[in-house]
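Quick note: numbers below take in every heavy atom, side chains included, and nothing from hydrogens, waters or symmetry partners. Numbers for residues simply follow the sequence, beginning at 1.
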Amino acid sequence: HAGSSIAWRSPKAVNRASLPFRPLLGPPFSQGTMARPCTLGLADREAAGGTGEEAACTKAGKLPIGEALDAVPLSRFMVWHVARMVAAWACMAMSQEATPYTFPGLKRDPSFKAGHEGLAAFAAASPAGNMLGAALGGWAVDCAGRRTTAVAGSALAAITHFAIAAANSWSTLVTYRAVQCVFSALVGSALVAWFVEFLPTHRRGQLLASFSIGWPIGRGVVILVASKANDHWRVLMSMGGVGFVALAFIMFTAFESPRFLVVSGKADKARRVLAAMHASSGGRWNDKVTLVTTNDSDSDSERKSLTSAFGGGGSSTAGRFWALLTEHTRLLLFVLVIFAALASTTVLIDTWGPDIFRQLIEPEGDALPHGVLMSFNLGDLAGIVVSIIVADRLGRRGSFLVGFLLQGLLFGSMAEFGRHPALIIGIIASGCRCFAWEAAGMFTLEVFPTELRAMAVSVTQTSMRLFSIGAVELSGRFVGGLNPRVSLLTFAALLSIAGFFVMLFFPMETANTPMVEGRERRA
């Protein structure tokens with residue numbers, strides 16, 4: 001097609017000179033990340049003052065935003081981007097992971113004196129609030145933007161956290177916790193979409209896995225504070241408020257997602273973000289380039305369609321929800337089942353696990369075994385480090401199998417051995433915990449297009465929270481009377497069932513494949 005207005009070239013034909021910016025630092029581009037960097041034909045490039053690759057896109061042209069991000073060298077900007085998300089995730093964990101560590105204090109507090117059913121109601125307030133927040137997340141994140149939703153939601157979550165710490169009645173405590181979790185879920189929906197939309201195709205799985213390090217860091221802070229404050233629940237809730245104040249500041253200093261800006265019709269702002277990203281690597285960005293969504297969305301009609309979909313209003317939100325249901329039915333059903341499995345396993349382990357492990361490993365004591373729980377937390381951290389290294393090599397399917405089947409096998413073994421072997425096996429099982437969570441999050445973010453990504457996150461998170469409410473409420477009625485061995489075997493069976501489901505029905509591998517920008521049917 002050398003004489004046409006569009007020059008199609010193989011990945012091998014792409015080099016640095018063909019880009020609309022000229023990086024001065026950074027590694028060479030990996031093969032396959034830049035299949036078509038602009039839409040100028042060979043005759044147009046020669047007329048622009050150069051020949052062949054030398055003058056490609058140096059004047060003007062159309063460039064898909066995904067390819068523009070693929071071409072950014074990993075530099076100081078990406079380091080700070082990952083660091084922001086790690087810190088943000090740690091702040092989120094300081095709020096979410098505090099629930100089981102408040103139980104001893106709530107039992108002792110004369111204003112509450114909670115039993116297992118009361119604690120289950122308090123624990124269920126968290127997924128109930130998260131469910132409502134996730135349902136609103138798709139609309140809020142698409143209309144207000146990723147960054148704006150994260151900043152405003154963090155500020156409101158901080159306020160309600162401090163209100164929880166001041167509560168003096170059971171109804172007030174549960175209500176404030178539910179409201180706080182609404183804002184927390186809004187922040188979570190915004191954060192995951194914001195983070196992934198900066199990432200290149202190459203090493204995306206490793207970068208996505210990297211921010212999970214923040215969760216065990218935040219949980220570690222909770223365990224340390226709980227041990228020093230003797231599980232005082234007001235101190236733990238106040239600590240969550242401090243975390244959200246820090247999160248609001250972290251996101252206030254961040255850029256908005258360039259993918260979101262392009263899809264919502266704000267390409268000029270996206271170019272400024274890309275200019276900052278390239279400046280951090282010593283490169284220069286050509287601001288004459290027109291950013292578009294995908295190779296197939298160059299027409300004005302499709303760009304207007306994508307822009308109008310993000311223009312706000314109930315009809316556009318309903319339209320995106322309907323498109324998700326009708327155009328991606330099989331993928332959506334698979335993801336919903338996966339998150340239901342996580343709600344029935346990992347969420348219950350997070351909620352009741354500390355007390356089950358106390359009964360199994362330190363049955364003679366009434367206080368939570370903070371040292372044992374910190375060991376499990378360090379196992380989780382080690383598992384995340386391993387997952388960062390192997391995420392793209394295992395693929396999403398392999399990560400699901402580790403997180404479900406292998407973890408289920410380890411929990412079953414943990415129930416059959418004595419105290420000390422159970423401790424070692426528990427640490428290894430904790431290392432497998434992150435794999436299924438990360439695979440579910442990555443698959444959801446990668447398989448749906450930018451236009452529907454926030455809506456997909458909202459629907460899946462809402463469903464997961466709904467399942468969590470039922471699971472926590474139901475388990476709270478009998479968990480106190482269960483033998484810890486029976487509880488662990490139940491967790492093992494549920495995890496194994498989820499693993500076999502993945503083996504039979506996993507739809508497609510998304511590791512090391514480009515993310516979809518426009519309305520493109522993948523299944």
Side-chain angles (χ1 to χ4, degrees), residues 84-99 102 122-195 211 214-215 218 221-222 225 233-257 260 312 314 317 454-455 457-462 464-466 468-469:
R84 273 195 180 95
M85 189 62 178
V86 170
W89 220 232
C91 294
M92 291 283 291
M94 289 166 60
S95 170
Q96 295 294 321
E97 291 287 343
T99 299
T102 62
F122 178 66
S126 178
N130 284 327
M131 181 185 68
L132 179 58
L136 296 173
W139 168 80
V141 172
D142 281 342
C143 293
R146 281 66 162 141
R147 173 181 170 272
T148 302
T149 302
V151 173
S154 297
L156 293 170
I159 293 171
T160 48
H161 247 295
F162 293 126
I164 294 171
N168 289 313
S169 68
W170 192 253
S171 59
T172 303
L173 178 72
V174 174
T175 301
Y176 283 171
R177 180 59 167 171
V179 173
Q180 177 267 310
C181 288
V182 171
F183 299 127
S184 178
L186 284 173
V187 175
S189 297
L191 284 175
V192 292
W194 170 82
F195 181 72
F211 79 80
W215 200 267
V221 172
V222 171
V225 171
W233 69 271
R234 295 186 192 273
V235 174
L236 292 169
M237 289 293 103
S238 298
M239 178 194 63
V242 172
F244 273 110
V245 170
L247 179 50
F249 176 78
I250 289 169
M251 292 305 298
F252 183 77
T253 60
F255 286 108
E256 180 58 278
S257 158
F260 169 77
T317 301
M455 181 60 68
V457 172
S458 174
V459 170
T460 54
Q461 290 296 310
T462 301
M464 188 193 73
R465 303 305 178 185
L466 181 61
S468 297
I469 294 170

Trp89: partners by side chain to side chain donor-acceptor pair (under 3.5 Å), with sequence neighbours left out: none
Donor + acceptor pair across side chains of Trp215, Gln96 (<3.5 Å): no
Test item: Phe195 and Val192 side chains (from C-beta on) under 4.5 Å apart, heavy atoms: no
Separation of Thr102 OG1 from Arg177 CZ (nearest 0.5 Å): 7.5 Å
Donor-acceptor under 3.5 Å (Ser458 side chain, Ala454 main chain): no
Expected output: side-chain Ser95 to main-chain Met92 donor-acceptor under 3.5 Å: no
Results of ring pair (Phe, Tyr, Trp, His ring centres under 6.0 Å) for Trp194 - residues two or more places apart only: His81, Phe198
Test item: Arg147 side-chain N/O and Ser257 main-chain N/O as donor-acceptor pair under 3.5 Å: no
Side-chain donor/acceptor of Arg465 to backbone N/O of Ser126, under 3.5 Å: no
Heavy-atom donor-acceptor pair, Thr149 side chain to Arg146 backbone, under 3.5 Å: no
Side chain to side chain, Glu97 and Val221, heavy atoms closer than 4.5 Å: no
Side-chain donor or acceptor of Thr175 paired with backbone N/O of Ser171 under 3.5 Å: yes
Atom OH of Tyr176: over 12 foreign heavy atoms under 6.0 Å: no
No-hydrogen, no-angle side-chain donor-acceptor test under 3.5 Å, Ser189 and Gln461: no
Any Met94 side-chain heavy atom under 4.5 Å of Val242 side chain: no
Note, Phe183 side chain near Ile159 side chain (heavy atom, < 4.5 Å): no
Validation row: Met251, Leu191 side chains within 4.5 angstrom (heavy atoms): yes
